[in-house]
Each structure stands twice: as structure tokens, then as C-alpha cells.
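Here the structure is laid out as C-alpha cells; the discussion comes afterwards.
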Amino acid sequence: MGTTKLTRKEILAEDPVHESMIHMIEFFKMNGKKVGIVAAVIVLLAVGVYGGLQYLDSRQGEAQQMLWKGMSYFHGDIAADATADPYGKGPVPTFKNETAKYQAAVKEFSSIVSGFGYSKISVVARYYLGLSQLQLGQKKEAVENLEAVSNNSKDRTVGYLAKKALATEYTSSGNYRGAKEILDGMLRDSQCDLPKEDLNIDLAKVLVAQGKRDEAIKVLREAGSQGQQLNQLQQRVMAELEKLQKAAKPGQQP
């Protein structure tokens with residue numbers, strides 16, 4: 001699988017918005033397994049292209065470079081023979097272990113958060129900082145950063161992603177009530193632009209963890225019946241539903 005690397009010349013081209021968007025989108029297309037569509041959406045929102053803004057000023061360009069670098073580290077590869085230079089093995093950053101990868105990412109994202117105030121890029125950087133800290137076991141700091149992003153109105157989509165990450169962390173740590181409150185809130189929120197199917201799957205998992213299997217099955221059934229076409233997300237819902245029904249004990253299955 002081929003990869004591309006955004007060079008300094010490309011980032012600082014005459015129209016940095018246009019050039020950086022093209023190269024970022026191409027990178028995410030070519031590395032979909034590691035980054036995914038959501039990350040591409042985040043970057044598009046992060047650079048602050050709105051309301052007729054045509055060019056990034058020098059500080060925004062610097063912040064964009066740092067965000068790109070941090071995200072590249074966050075999604076980097078792991079190899080036992082990795083060198084001290086993350087790019088020593090090629091265009092995709094490579095590290096000796098997961099800890100080294102996320103520590104490098106934290107350094108970049110922290111610099112953006114501390115140096116670029118409350119810009120949209122800083123909001124995205126704080127989101128990724130929280131995710132990186134979770135990977136390093138820095139739970140308290142991670143939750144604080146994700147909560148800050150979830151309450152930030154500068155970038156609504158990233159705010160919802162932070163809420164979803166918090167719900168996942170709460171579920172894994174046994175705070176099922178907190179996770180359920182977040183997921184219920186997003187499902188009721190008409191402005192939430194995250195896939196409802198994903199949120200319903202997460203909610204069903206929380207309900208199962210609470211011992212509410214029947215309620216989880218009901219949630220998935222209702223989610224699977226929405227929409228006229230059986231798309232990929234609905235297929236995931238139905239697969240989770242089938243798994244739950246098969247796992248139900250005799251006499252418990254509705």
C-alpha cells in the first residue's frame with residue numbers, strides 16, 4: 001500500500017488551504033485502514049476553513065503543521081527495528097513500541113494546546129491529546145482534556161467525538177451510568193452528526209454490562225429497523241443483535 005507525506009513546501013504553498021486539503025485528503029484515502037474517514041473530517045474542520053477565510057496566517061500554518069505531525073505519530077507504525085528518527089524507515093512514522101508512539105504524539109498535541117489558545121486547531125489537538133493520554137494510561141488527564149473538548153462549541157463534531165470517547169472510557173472503567181447518560185444524550189440530540197447506529201451499538205454494550213440484555217436487544221432492534229436501505233452501519237447493528245440473541249440464555253430471549 002502506497003503512502004504520501006505532506007512536505008513543508010506543500011504546506012507553505014501559495015494557497016495553503018487548497019494545497020493542504022488536497023494532500024491530506026489523498027493521504028487519508030491511501031491510508032484508510034489506519035486513519036479512517038472520521039479523522040479526515042476532523043482535519044477538514046480543524047484548519048478553520050469557514051466564512052470566506054481564504055488563507056491561513058503564519059501561526060495557523062504552523063499549528064496545522066504540528067497537528068499533521070501529531071496525527072501522523074498517533075497513527076504511526078510499530079517495528080522492532082525502528083530508528084530514533086520516526087521517518088527513518090520511510091514516509092510513515094515508525095516507533096519501537098506503542099508507548100514511544102503516543103509519547104511523541106502527546107508532545108506535539110500538547111505544544112498546540114499550550115501555544116495556540118482556543119483556535120479550532122487547538123480543539124482538535126486537545127481531542128487527540130486526550131486519546132493519546134488514554135493509550136498511555138494517563139486517565140485523569142485524558143478525561144479532563146476530553147471533557148474540555150466535549151464542552152467546546154468551536155467545533156461541534158469534534159465535541160461529539162470527545163463525548164463518544166468519554167463514553168467508551170467510562171464503559172471500560174465500569175462507570176456504566178456515566179456512559180449511558182452521554183450516549184442517551186447524543187442519541188436525543190438532533191444536532192449530533194455522528195452515526196446513530198454506532199451510538200446505539202455502544203449503548204447496547206453498556207446495557208449488557210449493566211445486566212439489561214433485553215433492553216439492549218430492544219435498542220438494537222429499533223436501530224436496525226430505521227431507514228429504508230440496509231447499509232453497512234445497519235448491518236453492524238444486526239450483527240450485534242444476532243450475537244446478543246445467540247448469547248441469551250434459554251427462557252431469556254424475547
Side-chain angles (χ1 to χ4, degrees), residues 33-39 41-42 74-75 98-99 102 105-106 126-152 156-227 230-254:
K33 290 184 179 180
K34 291 189 296 182
V35 182
I37 297 174
V38 171
V41 174
I42 293 172
F74 184 87
H75 296 289
E98 296 286 326
T99 298
Y102 292 116
V106 162
R126 189 180 292 276
Y127 166 71
Y128 270 98
L129 174 59
L131 296 185
S132 301
Q133 289 170 329
L134 283 177
Q135 295 295 330
L136 293 171
Q138 301 169 1
K139 305 289 187 177
K140 180 182 178 182
E141 296 87 346
V143 168
E144 288 176 353
N145 280 310
L146 291 172
E147 285 179 342
V149 175
S150 71
N151 295 321
N152 192 296
R156 184 174 296 158
T157 297
V158 178
Y160 287 126
L161 287 170
K163 287 183 179 181
K164 190 174 187 299
L166 281 170
T168 300
E169 170 56 24
Y170 288 164
T171 301
S172 65
S173 63
N175 182 5
Y176 304 127
R177 181 178 178 181
K180 186 175 184 297
E181 287 179 356
I182 291 175
L183 294 168
D184 280 338
M186 286 197 290
L187 285 166
R188 291 194 302 266
D189 189 345
S190 61
Q191 294 184 318
C192 181
D193 49 4
L194 301 188
K196 301 297 184 185
E197 294 89 348
D198 271 345
L199 298 177
N200 277 303
I201 289 173
D202 288 350
L203 177 58
K205 291 178 179 178
V206 172
L207 292 170
V208 170
Q210 290 180 311
K212 302 176 181 179
R213 186 182 299 275
D214 288 353
E215 190 174 340
I217 289 175
K218 181 181 178 182
V219 165
L220 292 176
R221 279 180 175 167
E222 291 177 352
S225 65
Q226 295 173 0
L230 187 63
N231 57 33
Q232 187 174 5
L233 286 171
Q234 287 176 320
Q235 288 175 351
R236 285 188 56 214
V237 170
M238 299 310 294
E240 290 293 327
L241 174 59
E242 183 179 0
K243 187 190 305 181
L244 267 186
Q245 289 175 327
K246 286 182 178 179
K249 295 179 180 179
Q252 287 187 330
Q253 184 170 333

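Only a predicted model underlies this, so the values are computations on that prediction, with no experimental measurement involved. Residue indices begin at 1 and follow the sequence shown. All heavy atoms count here, side chains included; hydrogens, waters and symmetry mates do not.
Residue E242 qualifies as open at atom CD: its count of foreign heavy atoms under 6.0 Å is 12 or below.
Listed here is the closest heavy atom pair of L146 and A165: CD1-CB, 4.0 Å. Shown here for T171 and A179, the closest heavy-atom pair between the two residues is OG1-CB, 3.3 Å. Among all heavy-atom pairs drawn from M186 and C192, the shortest one is O-CB, 3.5 Å. Nearest heavy-atom pair across K163 and S150 is CG-CB, 3.5 Å. The heavy-atom pair separating L136 from T99 by the smallest distance is CD2-O, 3.8 Å. The nearest pair of heavy atoms linking V237 to L220 is CG1-O, 3.3 Å.
To the nearest 0.5 Å, atoms CD (Q138) and CG (L129) are separated by 8.5 Å. Atoms CG and CG, on L161 and D193 in that order, are 8.0 Å from each other to the nearest 0.5 Å. The CG atom of L203 sits 7.5 Å away from atom CD of E215, with the distance rounded to the nearest 0.5 Å. Separation of atoms NZ (K180) and CD1 (I182) is listed at 12.5 Å; rounding is to 0.5 Å. Note that CG of L194 is 12.0 Å distant from CZ of R156, once rounded to the nearest 0.5 Å. The CD atom of E222 sits 12.5 Å away from atom CD1 of I217, with the distance rounded to the nearest 0.5 Å.
Annotation: side chain to side chain donor-acceptor pair (under 3.5 Å) contacts of E147 (sequence neighbours excluded): Y170.
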**Stepwise side chain to side chain contact (heavy atoms under 4.5 Å, CB included) check, V206 with Q210** = CA-CA 6 Å; V206 172; Q210 290 180 311; 4.2 Å; yes
**Request:** Give the C-alpha distance, both sets of side-chain angles, the deciding distance and a yes or no for side chain to side chain contact (heavy atoms under 4.5 Å, CB included) between T168 and L134.
**Result:** CA-CA 11 Å; T168 300; L134 283 177; over 6 Å; no
**Request:** Give the intermediate values and the outcome of side chain to side chain contact (heavy atoms under 4.5 Å, CB included) for residues V149 and N145.
**Result:** CA-CA 6 Å; V149 175; N145 280 310; 5.6 Å; no
**Request:** Before giving the answer on side chain to side chain contact (heavy atoms under 4.5 Å, CB included), spell out for K164 and D198 the whole-Å C-alpha distance, their side-chain angles and the decisive distance to 0.1 Å.
**Result:** CA-CA 10 Å; K164 190 174 187 299; D198 271 345; 4.2 Å; yes
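Salt bridge absent: E240 and R236 never bring a charged side-chain N and a carboxylate O closer than 4.0 Å.
Q245 places a side-chain heavy atom less than 4.5 Å from the side chain of R221.
Judged by distance alone, the side chain of N200 and the main-chain N or O of K196 form a donor-acceptor pair under 3.5 Å.
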